[in-house]
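The next block holds one structure in the form of structure tokens; read it before the comments.
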Amino acid sequence: MATDTFWSDVDRHLVRYAGPGSFTGEIIDRAEGSFVFAEDGRRILDFTSGQMSAILGHAHPEIVETVRKQAAKLDHLFSGMLSRPVVDLARRLAETLPAPLEKALLLTTGAESNEAALRMAKLVTGKHEIVSFARSWHGMTQAAASATYSAGRKGYGPGAPGNFAIPVPGPDWEHQLDLAFDLIDAQSVGSLAACLVEPILSSGGILVPPPGYFPALHRKCRERGMLLILDEAQTGLCRTGTWYAFEHDGVVPDILTVSKTLGAGLPLAAVLTSAEIEQEAHERGYLFFTTHVSDPLPAAVGNTVLDVLIRDRLDERARELGARLRTGLDDIAARHEAVGEIRGRGLLAGLELSGGGPDADKLGARVTQRCLELGLHMNIVQLPGMGGVFRIAPPLTAADSEIDLGLSILDEAIGSVARG
């Protein structure tokens, strides 16, 4: 197919699902390791791990082999049937987690796992009100979208009833948290079921809550009989330097959701909780019977992901590469006035363009485009009036030289755009 015909078909037949500039102006033909390759042969370093998911890089040979073997043997089943890959993955996930998280529900996407977690929390508590961060992103299905505040709320009619937003913690977070729950208590109809939050707000701009925040939030939940649900779609499975980001904060959630990284780019997600909560949900008739629940093919991939993470000690590698990445980003910030704060943890980093206002917004778009021209794919979170934050999440399998290459291109792109 000719290139002009391809883009004509895009215009004619594809729904634009991400607002202005929905599609990157490249036809991607294949991907391998830390790179994607355009149809014209151009190599592009992928500093986003696909959609923040491909933690083992693209086309990891062990993932490829698992898909080949499992698809030929057992790919999909009636949802009430079980297979060894499913039960093995549930057990092995429990082994990576602290007590009492030992029960797993295997699904497909982050939105679906959050939907299942919220449904479980509402059933177990007998309540329906949900609290989330004001810059949250939890998915595009009904309950998950209703708990998402960073984008996509306007124009779709009413969300799920009983959803409340609390501020992202700032310097005076203790007073802020007290005030937030005073306001929630004033608005609540007495049916607070759960608090659903990300340990690091990714789509909100790579915001890391300060030490002590999550234990305090957990206490607020306990005081009100709420469950704490942590969404580790982007932070789970070694990306932040520990197996799960909540390990940094000294709390254990009542319900944990993981997705993206669990399938290393393939659609696999999980809800994990305690035997006590699962038992209560079961006794109350918990129902989340979907077409692809407990599918054997993605479960087999999940087991291979765990094999590689454990064998190659990729939690340690994420810390090492994360330190290298952070040093390089700090150096870029020191040399460019356009760069503000650097933040994040491990191999989930954010570079904020400073200045604010529409000029900074345009700057972010121009730097993103220049990076792509130079062979680096970057993702920028466009926060209105803030200019945006580059969300950087290379694969855990990246080489030192690939981290250095990405930093070099980013440095050049910021410099050339700033010079005009």
Side-chain angles (χ1 to χ4, degrees), residues 33 49-71 73-75 82-110 112-113 199 230-248 252-253 255-274 292-322 346-348 393-398:
S49 299
Q51 188 62 40
M52 322 299 287
S53 305
I55 56 169
L56 304 183
H58 297 285
H60 189 284
E62 290 172 71
I63 298 292
V64 171
E65 183 64 10
T66 295
V67 171
R68 187 187 69 78
K69 287 184 175 179
Q70 190 64 42
K73 180 181 180 182
L74 183 62
D75 55 356
L82 292 177
S83 61
R84 289 196 178 275
V86 166
V87 178
D88 287 345
L89 181 56
R91 171 182 51 78
R92 295 182 68 195
L93 281 172
E95 291 170 352
T96 69
L97 288 161
L101 299 175
E102 59 180 313
K103 291 276 194 170
L105 171 65
L106 301 183
L107 300 165
T108 56
T109 68
E112 188 181 32
S113 63
L230 291 184
D231 176 357
E232 294 232 20
Q234 296 188 34
T235 55
L237 282 299
C238 300
R239 179 166 288 289
T240 65
T242 55
W243 272 79
Y244 301 94
F246 72 76
E247 296 176 61
H248 292 276
V252 177
I255 303 175
L256 173 70
T257 63
V258 292
S259 52
K260 290 184 182 289
T261 55
L262 180 59
L266 278 77
L268 177 62
V271 178
L272 297 126
T273 191
S274 65
H292 294 288
V293 65
S294 295
D295 257 1
L297 174 55
V301 169
N303 280 306
T304 299
V305 170
L306 294 185
D307 289 342
V308 176
L309 291 174
I310 293 167
R311 183 196 67 211
D312 296 346
R313 298 181 178 177
L314 291 184
D315 53 339
E316 298 176 13
R317 182 62 175 158
R319 292 196 294 272
E320 294 167 1
L321 281 179
L347 278 180
L348 181 62
L396 276 58
T397 52

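- Counting heavy atoms from C-beta outward, Leu237 and Tyr244 have side chains that approach closer than 4.5 Å.
- Taking 4.5 Å as the limit, every side-chain heavy atom of Glu232 sits out of range of all side-chain heavy atoms of Thr257.
- Checked for salt-bridge contact, Glu62 and Arg311 meet the test: a charged N lies under 4.0 Å from a carboxylate O.
- Within the 4.5 Å cutoff, no side-chain heavy atoms of Ile55 are placed close to those of Pro395.
- Taking the side chain as every heavy atom from C-beta outward, Arg68 and Val64 never approach each other to under 4.5 Å.
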Show the numbers, then the answer: is there a side chain to side chain contact (heavy atoms under 4.5 Å, CB included) between Ile63 and Leu56? CA-CA 9 Å; Ile63 298 292; Leu56 304 183; 4.2 Å; yes
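- Closest approach of Ser49 to Arg239, counting heavy atoms only: OG-NH2, 3.2 Å.
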Which side-chain N or O atoms in residues 259-271 pair as donor and acceptor under 3.5 Å with protein atoms at least two apart or in another chain?
residue	atom	partner	partner atom	Å
Lys260	NZ	Gln51	O	3.1
Thr261	OG1	Gly236	O	3.1

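- Taking CG of Asp315 as the reference point, atom CG of Leu309 lies at 8.0 Å (rounded to 0.5 Å).
- No side-chain donor-acceptor contact under 3.5 Å links Ser53 to the backbone of Gly50.
- In this structure Arg92 satisfies the side chain to side chain contact (heavy atoms under 4.5 Å, CB included) test together with Glu95, Asn303, Leu306, Asp307, Ile310, sequence neighbours excluded.
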Side chain to side chain contact (heavy atoms under 4.5 Å, CB included) between Val301 and Val67, worked out: CA-CA 7 Å; Val301 169; Val67 171; 3.8 Å; yes
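- Counting heavy atoms from C-beta on, the side chains of Thr273 and Leu256 never come closer than 4.5 Å.
- No donor-acceptor distance shorter than 3.5 angstrom exists from the side chain of Asp312 to the backbone of Leu314, with no hydrogens or angles considered.
- The backbone N or O of Thr108 lies less than 3.5 Å from a partner atom in the side chain of Glu112, making a donor-acceptor pair.
- Legend: residues meeting ring pair (Phe, Tyr, Trp, His ring centres under 6.0 Å) with His292, ordered by chain and number and at least two apart, are His76.
- A donor and an acceptor atom, one from each side chain of Thr242 and His248, are located under 3.5 Å apart.
- Counting only heavy atoms from C-beta outward, the side chains of Thr240 and Pro199 never approach each other to under 4.5 Å.
- Looking only at side-chain heavy atoms (C-beta outward), Arg317 and Leu396 stay at 4.5 Å or farther from each other.
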